[in-house]
Structures are given as structure tokens and as C-alpha cells.
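Data first, discussion second: the structure below is written as C-alpha cells.
In what follows, residues are counted from 1 in the order of the sequence shown.
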Amino acid sequence: MRSPQNTATASESLHVPVGAAAATTEPAPTRALRVRVVGATAIASAALVLIDNTVVGWVHSPTYAAPMKEVLASHAHHSAAVAIAVGLEALNVPLLLLFLTGLHGLVGRRGGAGADWSRLAVAAGATLSAVTAFYAVLWDGVVLSAGQLTEPSPVLELAWRMHAAAFAWSMAALGTTFIGAALATHASGLTPPWQRLLGVAGGGLLIAAGTANLAIADGSALLYVGVSGLAAWLVWLTATGVRLVRAQHS
């Protein structure tokens with residue numbers, strides 16, 4: 001028969017947080033490697049987005065306000081550039097999800113502070129990935145249609161307009177991902193205060209742009225509001241990635 005003191009001690013042992021239990025059983029080198037892998041995926045994701053936008057800018061991809069004849073000509077002559085850009089976006093989807101789920105794990109192992117925000121980031125990131133896939137498939141459709149046409153067709157225009165709308169709408173999903181990740185990493189002590197401010201400001205710009213998705217898909221200059229938020233996301237991803245890669249422990 002156990003004494004009351006022993007019973008109380010046993011009961012307390014059942015309520016050790018999962019994160020704390022993991023921290024005491026997982027070897028330090030394994031924890032450090034896990035943190036560095038999450039950091040490396042953040043840097044790789046940022047690099048892919050930067051390369052993707054560089055490729056698109058290099059061939060002077062038409063804006064969403066451009067006439068359909070210009071859209072047709074551009075995609076007929078630069079199909080290889082679009083293929084590279086779409087391929088990079090396809091590669092970035094698993095990298096982004098790996099980063100967000102890995103980040104959620106790190107937050108949990110540090111006591112769970114910010115876990116709700118990291119869950120939000122994972123959910124929004126999954127939504128972003130789905131919209132990105134839709135956007136990329138439609139872009140492929142524009143290229144394939146353009147290669148068979150001498151004049152713009154209703155099908156080409158529909159694919160292009162839907163591609164533009166998907167891109168504009170994805171900004172809100174990225175903004176939510178950004179805010180959730182920034183608040184989660186700050187709450188768990190993984191990043192300094194300035195990155196939280198960057199996340200809230202940049203994510204807010206992306207969400208604001210996303211709410212104007214119809215105007216942006218129609219060629220509005222409000223697109224540059226979202227582009228500013230995207231630039232902030234890349235800075236945050238890179239800074240967070242470097243910080244995690246250089247970390248000595250999780």
C-alpha cells in the first residue's frame with residue numbers, strides 16, 4: 001500500500017509535459033540536428049522563391065493588366081522559363097510544409113508556448129500549398145494553350161484570369177502563415193522581437209492585398225502591397241533559418 005506522499009508523487013509524474021519528456025530523453029546532438037534541419041529548410045524555401053521570381057523577371061513576364069496578345073506572345077516564346085518557375089514552386093511546397101511542421105515540433109519541445117500560433121501557421125501553410133498547386137497548374141495550362149494559338153482564345157484568357165486570381169488569393173494564406181509562424185517563434189524564444197514585428201507587419205500587408213484579390217487579378221497596382229509583404233517573408237525566413245542553423249540546442 002502506497003503512502004499519500006508516494007501517491008502524490010506518482011500522480012505528478014503522469015503530468016509531465018510531452019515536450020519536457022522529449023527534451024530529457026532525446027540526445028543533445030539529435031536535438032541540435034533537428035533544429036538545424038528546420039533552419040536549412042527555411043533558407044532553402046526562401047532561396048527557391050527568390051530564384052523563381054528572378055527567372056520570371058528575367059523574361060519580363062507580362063503583368064495581369066497586360067493585353068491578352070502580349071500574354072500569348074510571352075508564354076509562347078518563354079515556355080521554358082515558366083516550366084522552370086513552376087518546377088521551383090512544386091519543389092517549394094514540400095519544403096515549406098517541412099519547415100512549418102518542423103517548426104511546430106520545435107515549439108512543442110520548448111514547452112509549448114506559441115503552439116496555437118504554430119498550428120495556425122501549419123493550417124494556413126497547407127491552404128497556401130493547395131492554392132499554389134492550383135495556380136501552377138493553371139500557369140501550365142496557359143503555356144500549353146499559347147503554344148497552339150496564333151490569336152488569344154477564350155480558353156487561354158480564362159486560364160490566365162484564374163491563374164491571376166489564384167495568385168492574388170494566395171497572399172492572404174501566406175500572410176496568415178507568416179503571422180502565425182512569427183508569433184509562434186517569438187513566444188517560444190526562437191527569434192528576437194524585431195522578427196515578430198516584421199511578421200505582423202509583413203503578414204498584415206499580405207492579408208490586406210489578399211482581400212483585394214479581385215482588383216489585383218485585374219491588374220491593380222495593389223499587387224505591390226503584397227510584394228512588399230512577400231519581401232518581408234523572405235527576410236524573416238532567411239533570418240530565422242540562419243538563427244536555427246547556428247543554434248547549439250533546441
Check: [Y] main-chain N/O paired with [X] side-chain donor or acceptor under 3.5 Å:
{"X": "Ser79", "Y": "Ala76", "value": "no"}
{"X": "Ser118", "Y": "His104", "value": "no"}
{"X": "Asn53", "Y": "Leu50", "value": "no"}
{"X": "His77", "Y": "Ala73", "value": "yes"}
{"X": "Ser188", "Y": "Thr185", "value": "yes"}

With the side chain counted from C-beta on, respond yes when [X] and [Y] share a heavy-atom pair under 4.5 Å apart, and no when they do not.
{"X": "Lys69", "Y": "Glu151", "answer": "yes"}
{"X": "Trp139", "Y": "Glu89", "answer": "yes"}
{"X": "His78", "Y": "His60", "answer": "no"}
{"X": "Arg243", "Y": "Leu190", "answer": "no"}
{"X": "Val37", "Y": "Leu244", "answer": "no"}

Note to self: Ring centroids only, cut at 6.0 angstrom: are Trp169 and Tyr135 within range, meaning strictly under it?
What the structure shows: no

Checklist line | Ring center gap for His186 and Trp117 short of 6.0 angstrom | finding: no

Same cluster or not: [X] versus [Y], using hydrophobic residues (I, L, V, M, F, W, Y) connected whenever any side-chain heavy atoms lie under 4.5 Å apart?
{"X": "Met171", "Y": "Val131", "answer": "no"}
{"X": "Val242", "Y": "Val245", "answer": "yes"}
{"X": "Val143", "Y": "Leu138", "answer": "no"}
{"X": "Leu91", "Y": "Val38", "answer": "no"}
{"X": "Leu230", "Y": "Ile216", "answer": "yes"}

Check: Looking just at side-chain N and O atoms, do Gln195 and Thr240 make a donor-acceptor pair shorter than 3.5 Å?
Finding: yes

Can you tell me how far [atom2] of [Y] sits from [atom1] of [X], rounded to the nearest 0.5 angstrom?
{"X": "Leu205", "Y": "Leu222", "atom1": "CG", "atom2": "CG", "value": "11.5 Å"}
{"X": "Arg196", "Y": "Ile179", "atom1": "CZ", "atom2": "CD1", "value": "13.0 Å"}
{"X": "Trp236", "Y": "Thr191", "atom1": "CH2", "atom2": "OG1", "value": "6.5 Å"}
{"X": "Ile51", "Y": "Ile84", "atom1": "CD1", "atom2": "CD1", "value": "10.5 Å"}
{"X": "Arg161", "Y": "Met68", "atom1": "CZ", "atom2": "CE", "value": "6.0 Å"}
{"X": "Thr41", "Y": "Leu100", "atom1": "OG1", "atom2": "CG", "value": "8.5 Å"}

What heavy-atom pair brings [X] and [Y] nearest, and what distance separates the two atoms?
{"X": "Pro62", "Y": "Glu70", "result": "CB-OE2, 4.0 Å"}
{"X": "Gly229", "Y": "Phe178", "result": "O-CE1, 4.0 Å"}
{"X": "Ala181", "Y": "Leu103", "result": "CB-CD2, 4.1 Å"}
{"X": "Val59", "Y": "Ala81", "result": "CG1-CB, 3.7 Å"}
{"X": "Ala124", "Y": "Ala173", "result": "CB-O, 3.8 Å"}
{"X": "Leu97", "Y": "Thr101", "result": "O-OG1, 2.8 Å"}

Notebook entry, point to check: Hey, is CG on Leu214 packed in by over 12 heavy atoms from elsewhere, all under 6.0 Å?
Noted result: no

Next item on the list: Decide yes or no on side-chain contact (heavy atoms from CB on, under 4.5 Å) for Arg119 and Asp116, but give the supporting numbers first.
Entry: CA-CA 5 Å; Arg119 290 189 191 98; Asp116 288 339; 2.6 Å; yes

Next item on the list: Under the side-chain contact (heavy atoms from CB on, under 4.5 Å) rule, what do Asn213 and Phe167 come out as? Steps first, then yes or no, please.
Entry: CA-CA 8 Å; Asn213 59 84; Phe167 174 79; over 6 Å; no

Check: Checking side-chain contact (heavy atoms from CB on, under 4.5 Å) for the pair Leu156/Leu149: CA distance, chi angles, key distance, verdict?
Finding: CA-CA 9 Å; Leu156 175 69; Leu149 298 172; 4.0 Å; yes

